[in-house]
Student: 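To start, I am sharing the structure in question, which I have written as structure tokens.
Labels below follow one simple rule: chain letters A, B, ... track the order of the sequence lines, proteins then strands, and each chain is numbered from 1. As the structure is a computational prediction, the values presented were derived from the model and not from experiment.
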Protein chains: 2
Amino acid sequence: MNSDFVIAVHSLVLLAHLPEGMATSDEIAENVCTNPVRVRKVMSCLRKNGFLDTREGSGGGYKLCRAPEEITLADVYRSLAAGSLAPNWCSGDPKKDCVVSSNMAEVMAGVFCEADRQLEAYFERITIGSMLSGIKAKQQA
Amino acid sequence: MNSDFVIAVHSLVLLAHLPEGMATSDEIAENVCTNPVRVRKVMSCLRKNGFLDTREGSGGGYKLCRAPEEITLADVYRSLAAGSLAPNWCSGDPKKDCVVSSNMAEVMAGVFCEADRQLEAYFERITIGSMLSGIKAKQQA
DNA sequence: TCAACTGTAACTGATAATATTACAGTACCG
DNA sequence: CGGTACTGTAATATTATCAGTTACAGTTGA
């Protein structure tokens with residue numbers, strides 16, 4: 001899977017952590033260790049899915065618009081990485097005579113589709129808020 | 001994830017399906033739709049993990065050495081794709097002052113590690129035998 | 001001793017992931 | 001107004017990863 005998901009989660013946790021709940025793409029990029037353009041692309045997607053507001057122009061940036069405890073990793077996963085489990089390579093060939101070769105792609109797709117659901121269910125149990133707590137706990141130790 | 005896992009599963013199902021339980025890398029590659037070298041690489045790994053025997057030389061090939069119902073997808077996953085869930089890109093920087101940036105990589109790794117376990121648990125419930133049955137059922141429909 | 005196999009390494013080409021550059025659009029602030 | 005500080009997005013370059021190909025040594029059976 002590409003790391004847009006990681007960038008999104010990191011950014012949301014960061015916003016949740018900041019006193020104002022707000023930051024620019026430059027600040028986020030610096031914190032995440034990537035470039036601002038990429039951050040803006042990911043943020044743009046998060047905005048479309050209603051996790052944050054953006055303000056253009058001077059003094060603008062990104063601001064969380066939901067409680068960190070209400071945003072699950074599953075929400076984020078669905079927004080920008082759903083279905084990323086299955087390799088984009090397909091084995092077998094529907095036109096072949098062999099039962100195995102001709103049906104493998106479909107059966108395998110089913111396996112990965114359900115795996116994706118399992119993964120999503122796991123992510124459902126983790127929130128931006130809980131990740132932030134986890135990080136803060138780590139600091140004290 | 002790369003598709004070695006898919007090739008391995010397909011190959012094992014194919015072997016389980018063939019009357020003799022045996023095939024050469026050329027035959028498997030043809031069925032899977034890839035090249036023999038790649039098949040041999042994957043098979044070599046499956047042999048090392050005890051799922052099949054190989055016979056070199058004329059008349060050789062690969063042969064299942066365990067019952068299809070006993071080989072789970074988790075076994076295969078562990079053999080050649082474990083840990084493939086996490087993107088190989090890491091966000092944040094341990095050297096930074098910010099709590100979030102400096103701890104994100106570790107916390108994220110934990111999330112993906114557990115996700116990997118979840119995925120493995122799901123794969124534990126699927127066997128080469130059950131996949132073959134699923135394919136045969138599909139044919140009759 | 002030949003033909004049919006596996007086991008690997010080295011190389012090539014294709015595709016996907018990431019970073020960079022560039023610029024239009026928007027909002028605040030003097 | 002006009003300048004500055006932002007976002008949004010397209011186009012391009014760069015790098016990494018994946019897959020296919022070629023080549024050849026080692027093994028086995030006929």
Student: From CG of A:Asn2 over to C1' of C:dT15, roughly how many Å is that when rounded to an integer?
Tutor: 14 Å
Student: Mapping B:Trp89 and B:Ser25 onto DNA chain C by nearest heavy atom, which one lands closer to the 5' end?
Tutor: B:Ser25
Student: Give the rounded distance in Å between these two atoms: CG of A:Asp53 and P of D:dG8.
Tutor: 11 Å
Student: Can you see whether B:Arg38 engages B:Ser3 through a side-chain donor-acceptor pair at a distance of less than 3.5 angstrom?
Tutor: yes
Student: Do the two ring centres, one from A:Tyr62 and one from A:Phe51, sit under 6.0 Å apart?
Tutor: no
Student: Between B:Lys48 and A:Ser3, who's closer to the 5' end of DNA chain C by nearest nucleotide?
Tutor: B:Lys48
Student: Rounding to a whole Å, what distance do you find between A:Ile28:CD1 and D:dT7:C1'?
Tutor: 12 Å
Student: Walk along nucleotides 21-30 of chain D from 5' to 3' and tag each nucleotide B, S or - by protein heavy-atom contact under 4.0 Å, base first, then sugar-phosphate.
Tutor: BB---BBBS-
Student: With under 30° as parallel and over 60° as perpendicular, where do the rings of B:Phe123 and B:Tyr77 fit, or are they tilted in between?
Tutor: tilted
Student: I need the CG-P distance between A:Asp4 and C:dT18, as an integer number of Å.
Tutor: 7 Å
Student: If you check the A:Tyr62 side chain, which of D:dG8, C:dT6, C:dT18 turns out closest?
Tutor: D:dG8
Student: Tell me which nucleotide among D:dG8, C:dA16, D:dC6 gets nearest to the side chain of A:Thr24.
Tutor: D:dC6
Student: Touch check for B:Asp26, heavy atoms < 4.0 angstrom, all strands: base, sugar-phosphate only, or nothing?
Tutor: nothing
Student: Are B:Phe112 and A:Tyr122 an aromatic pair by the rule of ring centers under 6.0 Å?
Tutor: no
Student: Calculate the interatomic distance between A:Arg47 atom CZ and D:dT7 atom P; express it in whole Å.
Tutor: 12 Å
